[in-house]
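Only this structure's heavy atoms are used, side chains among them; waters, hydrogens and symmetry mates stay out. This structure is a prediction, so every number in the text was calculated from the model and none was measured.
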Amino acid sequence: MLYIHIPFCKQKCSYCNFHFSTSLKYKGEMLAAIKKEIGLRSHELQNKELKSLYFGGGTPSVLEVDELKMLIDEVLKYFTFAPDIEITLEANPDDLNSAFLKELRASEINRLSIGTQSFFDDDLVLMNRAHSAAEAESSIKRAQDSGFENLSIDLIYGSPTSDFSLWKESLNKAVALDVPHISAYALTVEPKTALNQWIAQNKIQPPKESEQTEDFYYMSDFLKLHGFQHYEISNFAKPRFESRHNTAYWQYREYLGLGPSAHSYDGRSERSWNVANNQKYINALNQNILAKETEFLSEKDRFNEMLMIGLRTAKGVDLSVLNQSFSAEIQNHLDKETSGKLQRGTLVIENGFLKIPEVHWFLADGIAADLFYLGGD
């Protein structure tokens, strides 16, 4: 699968610490550099038939449709598309006007991930989003009217400007809009963000974990009642609408990430990441140099990552893969560390998969960390 990072946004959200620029001054040079990187690194993916192509960011919907098609055409010089390929574009509601959607519908892009975040203006103002609550709702309807069936929306819960009743209203709106995929995240306070600074200055209250926990479990029960499968901690889908791209990440498959700050993994032991600096990225590609760093994961790193990622999913971690992939020492460690949790029910084994019951999912990262192997490489 292939990921392309478009490092541009109209404005900076208060909670965001992703890599992007609010200036489009070097957009042409950036797209030329990404095109060049596609060619220079296409050999890194063993399977030349892509099942997933994902435009993330940043905000890829700030590009013109012709620019997106130009990148797709460049990809097709080196890869073929599976007949049922999923091609996703992350988009902000304020970019999804009727003309843009009409052009987009005529392209190869067949899935939209819309950064809705909230259906309430107070939340959106706090988050410094460029769209209003009315635009959040109307953009989804316009996308559907344009022929996009495979839609995902992002929602954020646990904001200081929200409460339990408003969160329930947001979920009711999402269900009423008949969106087949929802990604929902607790508002987190990242270093070096405006949100972090406002909390430090006592301008707003920090999110309350107890309220976020209540929001999470209500959401899980509510969406399952309305036909969604809770297939990963933060992701819900109607049948057949799971994100293939993200599922590949969770199953530890190979992927190639292009563009500044993008990460790649060869499916075995090599991970790399591009420089998180637009000008350094462009300058390097102008000289046919890859501005990336590479690390080789130890057995310990691979084991810990497989647990951390796999235990976030409803399916869990395939014990047969763990047994085939890791040493007897690590397997003995896992047996020892899981025994108590299996007895207490914070872990279970079903159909050969080690998993965390959904009732404990809000604590999944901590449960997985308890199982990490900390011995020698």
Side-chain angles (χ1 to χ4, degrees), residues 2-11 20 22 24 27-28 30-32 34-35 38 50-77 79-119 124 129-155 173-183 237-238 240-246 258-259:
L2 188 63
Y3 171 85
I4 298 179
H5 186 83
I6 306 300
F8 301 114
C9 285
K10 288 181 180 177
Q11 61 192 54
F20 66 90
T22 54
L24 297 179
K27 182 178 70 169
M30 176 60 67
L31 296 178
I34 292 174
K35 280 182 63 176
I38 293 170
L50 295 179
K51 298 184 185 304
S52 169
L53 171 58
Y54 194 103
F55 290 96
T59 312
S61 57
V62 301
L63 298 183
E64 303 293 333
V65 175
D66 283 346
E67 292 169 331
L68 292 164
K69 290 171 69 174
M70 176 266 292
L71 291 175
I72 291 172
D73 288 343
E74 192 68 22
V75 169
L76 283 169
K77 291 180 182 178
F79 299 94
T80 59
F81 288 166
D84 60 345
I85 187 172
E86 174 189 273
I87 305 182
T88 301
L89 178 77
E90 288 185 352
N92 278 349
D94 45 299
D95 293 324
L96 296 179
N97 59 59
S98 297
F100 181 79
L101 283 163
K102 183 178 179 181
E103 287 186 63
L104 205 59
R105 190 70 184 93
S107 74
E108 292 92 338
I109 291 165
N110 54 25
R111 183 175 184 267
L112 296 181
S113 177
I114 304 175
T116 305
Q117 314 309 5
S118 176
F119 291 107
L124 296 171
R129 298 293 291 173
H131 65 277
S132 67
E135 284 177 312
E137 189 169 346
S138 63
S139 68
I140 296 168
K141 293 177 180 176
R142 280 195 302 273
Q144 292 167 328
D145 291 343
S146 299
F148 282 98
E149 295 180 3
N150 198 352
L151 291 180
S152 177
I153 64 170
D154 288 350
L155 294 176
K173 280 183 180 288
V175 167
L177 286 165
D178 199 24
V179 174
H181 189 283
I182 297 172
S183 297
K238 295 283 184 70
R240 300 179 295 103
F241 284 97
E242 297 88 350
S243 168
R244 287 189 212 159
H245 191 86
N246 288 338
L258 307 172

Original post:
What residues form a salt bridge (Lys or Arg N to Asp or Glu O under 4.0 Å) with Asp154, not counting sequence neighbours?
Top reply: none
**OP:** Please tell me if the side chains of Phe119 and Ile153 come closer than 4.5 Å, counting only heavy atoms from C-beta onward.
**Re:** yes
**OP:** Please name all residues satisfying salt bridge (Lys or Arg N to Asp or Glu O under 4.0 Å) with Lys141, sequence neighbours left out, ordered by chain then number.
**Re:** Glu137
Original post:
Does the side chain of Glu90 come within less than 4.5 Å of Thr59's, by heavy atoms?
Top reply: no
Subject >> Partner set under side chain to side chain donor-acceptor pair (under 3.5 Å) for Glu242, not counting sequence neighbours >> reply: none
Original post:
Looking at residues at least two apart in the chain, or sitting in another chain, which of them share a side-chain contact (heavy atoms from CB on, under 4.5 Å) with Ser243?
Top reply: Glu86, Arg111, His181, Tyr231, His245, Asn246
**OP:** Drop me the distance from Leu151's CG to Ile182's CD1, to the nearest 0.5 angstrom.
**Re:** 11.0 Å
**OP:** Using a 4.5 Å cut-off on heavy atoms from C-beta on, say whether the side chain of Ser139 contacts that of Asp94.
**Re:** no
Original post:
With sequence neighbours excluded, what pairs up with Arg244 under the side chain to side chain donor-acceptor pair (under 3.5 Å) test?
Top reply: none
Subject >> Spatial distance of atom CG (Leu258) from atom CD1 (Ile6) [nearest 0.5 Å] >> reply: 9.5 Å
Original post:
Taking side chain as C-beta onward, heavy atoms only, is Leu112 less than 4.5 Å from Leu101?
Top reply: yes
Original post:
With Ser183, which residues qualify under side chain to side chain donor-acceptor pair (under 3.5 Å), at least two apart?
Top reply: Asn235
**OP:** Evaluate the side-chain proximity of Leu2 to Ile38: yes if any heavy-atom separation is below 4.5 Å, no if none is.
**Re:** no
Subject >> Sequence-distant partners of Lys102, side-chain contact (heavy atoms from CB on, under 4.5 Å), two or more places apart >> reply: none
Subject >> Closest non-hydrogen atom pair between Pro93 and Arg142, with its separation >> reply: O-NH2, 3.9 Å
**OP:** Under the side chain to side chain donor-acceptor pair (under 3.5 Å) rule, collect the residues that match up with Lys69, sequence neighbours excluded.
**Re:** none
Original post:
Which pair of heavy atoms, one from Glu149 and one from Pro180, lies closest together, and at what distance?
Top reply: O-CG, 3.4 Å
Subject >> All side-chain contact (heavy atoms from CB on, under 4.5 Å) counterparts of Glu67, not counting sequence neighbours >> reply: Lys27, Leu31, Leu63, Glu64
Subject >> Which atom of Ala136 lies closest to which atom of Thr116, heavy atoms considered >> reply: CB-CG2, 3.7 Å
Subject >> Point-to-point distance, once rounded to the nearest 0.5 Å, from OG of Ser61 to CG of Leu104 >> reply: 9.0 Å
Original post:
Which residues pass the side-chain contact (heavy atoms from CB on, under 4.5 Å) test with Thr80, sequence neighbours left out?
Top reply: Glu49
Subject >> Distance-minimising heavy-atom pair for Leu124 and Ser132 >> reply: CD1-C, 3.4 Å
Subject >> Rounded distance [0.5 Å steps], CG in Asp145 versus CZ in Arg105 >> reply: 12.5 Å
Subject >> Closest heavy-atom pair and its distance - Phe100, Asn97 >> reply: N-OD1, 2.8 Å
**OP:** Apply the test side chain to side chain contact (heavy atoms under 4.5 Å, CB included) to residues Val65 and Ile109: give CA-CA distance (whole Å), side-chain angles for both, the deciding distance (0.1 Å), then the verdict.
**Re:** CA-CA 10 Å; Val65 175; Ile109 291 165; over 6 Å; no
**OP:** Enter the distance from Asn150:CG to Ile87:CD1 here, rounded to the nearest 0.5 Å.
**Re:** 11.5 Å
Original post:
So do the side chains of Phe79 and Leu53 get within less than 4.5 Å of each other, counting heavy atoms only?
Top reply: no
Subject >> With His131 via ring pair (Phe, Tyr, Trp, His ring centres under 6.0 Å) - residues at least two apart >> reply: none
Original post:
Is the closest side-chain heavy-atom distance between Ile4 and Val75 below 4.5 Å?
Top reply: yes
Original post:
What is the distance from atom OG of Ser118 to atom CG of Leu155, rounded to the nearest 0.5 Å?
Top reply: 7.5 Å
Original post:
Nearest heavy-atom pair of Asn110 and Ile85: which atoms, and what distance?
Top reply: ND2-O, 2.8 Å
Original post:
Got a sec, which residues hit salt bridge (Lys or Arg N to Asp or Glu O under 4.0 Å) with Glu103, two or more places apart in sequence or on another chain?
Top reply: none
Original post:
Do Ser107 and Leu68 come within less than 4.5 Å of each other through their side chains, counting heavy atoms only?
Top reply: no
